[in-house]
Amino acid sequence: MSEHYDPQTLQAKWQQRWEELDPFRAGEGATDDRPYKYMLDMFPYPSGDLHMGHGEVFAIGDVIARYWFQRGYNVLHPIGWDSFGLPAENAAIKRNAHPAEWTYANIETQATSFRRYGISFDWSRRLHTSDPDYYKWNQWLFNRFFERGLAYRKGGLVNWCPSDQTVLANEQVVAGRCERCGAEVVRRELTQWYFKITDYADRLLDDMAQVEAGWPDRVLAMQRNWIGRSTGADVAFAIEGRDEPVTVYTTRPDTLYGATFFVVAPDAALASEICTPDRREAFDAYRAEVAKLSDIERMSTEKEKTGVFLGVHAINPVNGERIPVWAADYVLSDYGHGAIMAVPAHDQRDLDFARKFGLPVRVVVHTGLADPGETGEATPGEGTLVNSGPLDGLSKVDAIAKIIEMLAAEGNGKAAVNYRLRDWLLSRQRFWGTPIPIIHCPDCGEVPVPDEQLPVTLPDLRGEALAPKGVSPLAAATDWVNVSCPKCDGPAKRDTDTMDTFVDSSWYFLRYCSPGYEGGPFDVEQVRKWGPVDQYVGGIEHAVLHLLYSRFFTKVLYDMGMVDFTEPFLRLLNQGQVINMGKAMSKSLGNGVDLGEQIDTYGVDAVRLTMIFAGPPEDDMDWADLSPGASLKFLGRALRVMTEAGAGTTSGVPVESGDLALRKVTHHTIDEVTKLVESQRFNVAVARMMELTSAARKTIDSGPGAGDPAVREAAEALAVMLSLVTPYTAEEGWHRLGHPAPVALAGWPTADPALLVQESVTCVVQVAGKVRDRLEVAPDISESDLQALALASDKVKGHLDGPPRKVIVRAPKLVNIVP
RNA sequence: GGGGUCGUAGUCCAAUGGCAGAGACACAGGUCUUAGGAACCUGACAGUGUGGGUUCGAAUCCCACCGACCUCACCA
């Protein structure tokens, strides 16, 4: 038995043993009556080896999974790879190879690292989204969405990344730049496939109530903001010289009498249609100028308002007033109806525009603030309606109700709801993704590839053939593209775009429940057992992307009767980032820390312990503030305690005869660690384990010694609790205590309530909030006894001049006397 | 500008209305050791960003301000 603590030796020894034992397989048998738990980490993208960020997420997830294993749950803790995506394609172009080569080599590298890292995965359920037997079901699901009218093709302005040469979803454009590569996104007119996520906007918003307790507030807030539901009214304005009225959406129908002009998005068809001949030249010039602007320039709030008069007037339906119609790019063509009524007095954007172009400002809500026309500050707040005919004197809320009623009676408007959320653009003009299973037939139109012909696999393209050229590389594979129409058998062509890889990750958690299933994307019965995911762990960067899409998929599958829940992830934990020296790690800063190197130096357990102990899991940790060396030192201490306990005691000696003081510490620690792990305060749980280690050390050195059964009890509890964080050290300690592997299934220790009871408690006696005395009292002392005892204290009397005004008693811990 | 999170020893963090300190880093000293290291022990260091308020009592709840970070950003 080696006294020396060498993490690398322990790792080699136990990793092999665990692979033989395979202790983390999720049970499937009908006889398995353990309760189910589903623990899921966001699956990795295979870009090279695991990094520090992976080290943290998976360490955190593993604490939770291993705790459930110890508690006797039937735990599903799967692993797989999100293996479609651009980096593989770029690597393939560079190396004149196939993206699969790079992808699957990286997967193997990561898998090897995961095994060394000791995560409690059920490896038998491993999946890769780039495998045809996975993406086949993306296509199958696409067909179902298509049948339900939830997948459709439309033309329109889309976000185009000039660097990646593909379109992007709204969610993938961050501040006007491509979320992946940072290039400035431009707008292009293209016909693309969309998922109709907007049909689910209300449910995506309302169902958040189900997860409110389990998700971080900020993620809920981000999703709410992203969906951006607003309520207001649609109002129809007649346009002079046009037969049909134009509808605008407004959240402030109460200010309708304050509308002094009308604005249309310059890129909307309406603007061009209603522009008069004498204004045509100015409008065309303006539209061209706007089209040249990048999203970044266009969206800048600093930017001065621009626009042109279109030569026509709109008629305000409530007072018949003629107001000029302008085109201006602060009005977006794809929100609401692409046109607005402008109320400059009560909307800052309208006011900025009005002041620039000398348009009138009319106050219709008296807010008590200075005239916006004078100050340049719009007054969007509450107030009393003025200059508004029948609305005069009403509050904002009452005026909104009344005007909607009036508009509805006249047929000029109605209450309306709008969303910031747009439909999910899912076509990508790239290769390494799931082919969209549609065949375009000149006679039959869009024809889905019949289910029995799925999967539509990717043609074998590599190297230069994958270079971005603005159309999908698949278009060049003529043999692949040209097919006969499934309906009429005539010549037809395959759709050459691939799906956004967020489709792949929108349902992978369901596939894990029955990974090899061939009868559908997942076995409905298995998902009924395991789903929904009890705990999901991953980065905040997916707060609106992946999480919103997965929630959408789950709701569609619910409507299809394939799942019996409407929210996929009951609890969500977003781990913080691992940074170094105050900044995110990056090559250019030269502050990168390599996970593999850290493990080589300190060992897996010390690295995992350092990450868990650094602070609350959702906080960022700065590696420069941390000390894996100290973690290693602690693990040495802990293992020594377990070793000495193993050598000095015999299993089975009645523990009741052991040192009472240590036993109390042990049981207290078990009780506390249990609560701390359940409330996900893992850093504090580790601190408690450190205390237990010190207490055991003390008992060995200056108490009854290593032979005391209480030392064994402490060491055994320590081994099991440590197994959540540092599995190798725990396993070795458990072994030295004479128990067979795996410690992971040893069972969580139970605190004996009798040992949690304290014989006496220190009661603090305060006078006017200041501590004046401490009393040792029984924990079950009555309030009146405690009050009498406190008032009898000489130290207290010294601070009292007469009878106290008030005495607050919180037995048994505190008495506060108000003089 | 809207929304969100957060400010506690030199540092990372505990303390979920009740004694500001559990744990750790770094620092200083000691025991042991030929020495170095390791191991073990001991010690010093803050009154909670600022200002109000609620309360018998506030790091904790409320308001304002300062500062940091995240997020959305002309969504009518």
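Just so we're clear, the structure is a prediction, and the values are computed from it rather than from any experiment. Per chain, numbering begins at 1; letters A, B, ... match sequence-line order.
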Response to the item:
Given Watson-Crick and G-U pairs under 3.5 Å, RNA chain B in dot-bracket ([ ] crossing, | other strand) is (((((((..((((....[..).))).(((((.......))))).....(((((..]....))))))))))))....
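With sequence neighbours excluded, no residue satisfies ring pair (Phe, Tyr, Trp, His ring centres under 6.0 Å) with A/Tyr419. For the side-chain hydrogen bond (donor to acceptor under 3.5 Å, both in side chains) test, residues two or more places apart in sequence or in another chain that qualify with A/Asp334 are A/Arg422. With sequence neighbours left out, the ring pair (Phe, Tyr, Trp, His ring centres under 6.0 Å) criterion links A/Phe237 to A/Phe262. Applying the side-chain hydrogen bond (donor to acceptor under 3.5 Å, both in side chains) rule to A/Thr726 yields no partners; only residues at least two apart in sequence or on another chain are considered. Not counting sequence neighbours, A/Asp267 has no partner by the salt bridge (charged side-chain N to carboxylate O under 4.0 Å, His left out) test.
We find that CZ of A/Arg422 is positioned 10 Å from P of B/A73, with the value rounded to whole Å. Put simply, CD on A/Gln223 is 15 Å from C1' on B/G3, counting in whole angstrom units.
Proximity note for A/Arg810 (side chain, C-beta onward) versus B/G23, B/G18, B/A76: the nearest is B/G18. For A/Tyr330, counting side-chain heavy atoms from C-beta on, the closest listed nucleotide (B/C74, B/A76, B/G18) is B/C74.
In this model, the phosphate group of B/G18 is not approached by any side-chain N or O of A/Lys813 to a distance below 4.0 Å at OP1 or OP2. Phosphate contact (OP1/OP2 of B/G23, side-chain N/O of A/Ser694, threshold under 4.0 Å): absent.
Within the structure, salt bridge (charged side-chain N to carboxylate O under 4.0 Å, His left out) pairs that include any residue of residues 667-690 of chain A comprise A/Arg71-A/Glu678, A/Asp671-A/Lys675, A/Glu672-A/Arg688, A/Arg688-A/Glu691 (at least two apart or interchain). Within the structure, every pair that satisfies the salt bridge (charged side-chain N to carboxylate O under 4.0 Å, His left out) test and touches residues 694-704 of chain A, not counting sequence neighbours, is listed here: A/Glu644-A/Arg697, A/Arg697-A/Asp701. Annotation: side-chain hydrogen bond (donor to acceptor under 3.5 Å, both in side chains) contacts involving residues 613-628 of chain A, sequence neighbours excluded, comprise A/Gln598-A/Trp623.
Map A/Val686 and A/Arg218 each onto its nearest nucleotide of RNA chain B; the residue landing nearer the 5' end is A/Arg218.
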If you restrict it to nitrogen or oxygen atoms, what contacts under 3.5 Å exist between nucleotides 37-39 of chain B and the protein, and what is each distance?
from, atom 1, to, atom 2, distance (Å)
B/A39, O3', A/Arg640, NH1, 3.1

Atom pairs under 3.5 Å, N or O on each side, protein against nucleotides 9-16 of chain B: can you list them with distances?
from, atom 1, to, atom 2, distance (Å)
B/C12, O2', A/Ala614, O, 3.2
B/C13, O3', A/Asn683, ND2, 3.3
B/A14, OP1, A/Asn683, ND2, 3.2
B/A15, OP1, A/Arg681, NH1, 2.1

Close N or O pairs between protein and nucleotides 65-67 of chain B (under 3.5 Å):
none

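Taking the ring centre of A/Tyr330 as origin, the terminal cationic atom of A/Lys305 falls inside the region bounded by 6.0 Å and 45° from the ring axis.
Within the 4.0 angstrom heavy-atom criterion, only backbone atoms of the sugar-phosphate kind lie near A/Val771; the bases stay farther away. Contacts of A/Gln766 with the nucleic acid, taken as non-hydrogen atoms under 4.0 Å apart, include base atoms. Residue contacts shown for A/Ser631 are absent, as no nucleic acid heavy atom lies under 4.0 Å away.
The heavy-atom pair separating A/His337 from A/Val248 by the smallest distance is CD2-C, 3.7 Å.
With its glycosidic angle more than 90° from 0, B/G57 adopts the anti conformation.
A/Cys763 pairs in a side chain to side chain contact (heavy atoms under 4.5 Å, CB included) with only one of the listed residues (A/Asp773, A/Leu786, A/Ile781), which is A/Leu786.
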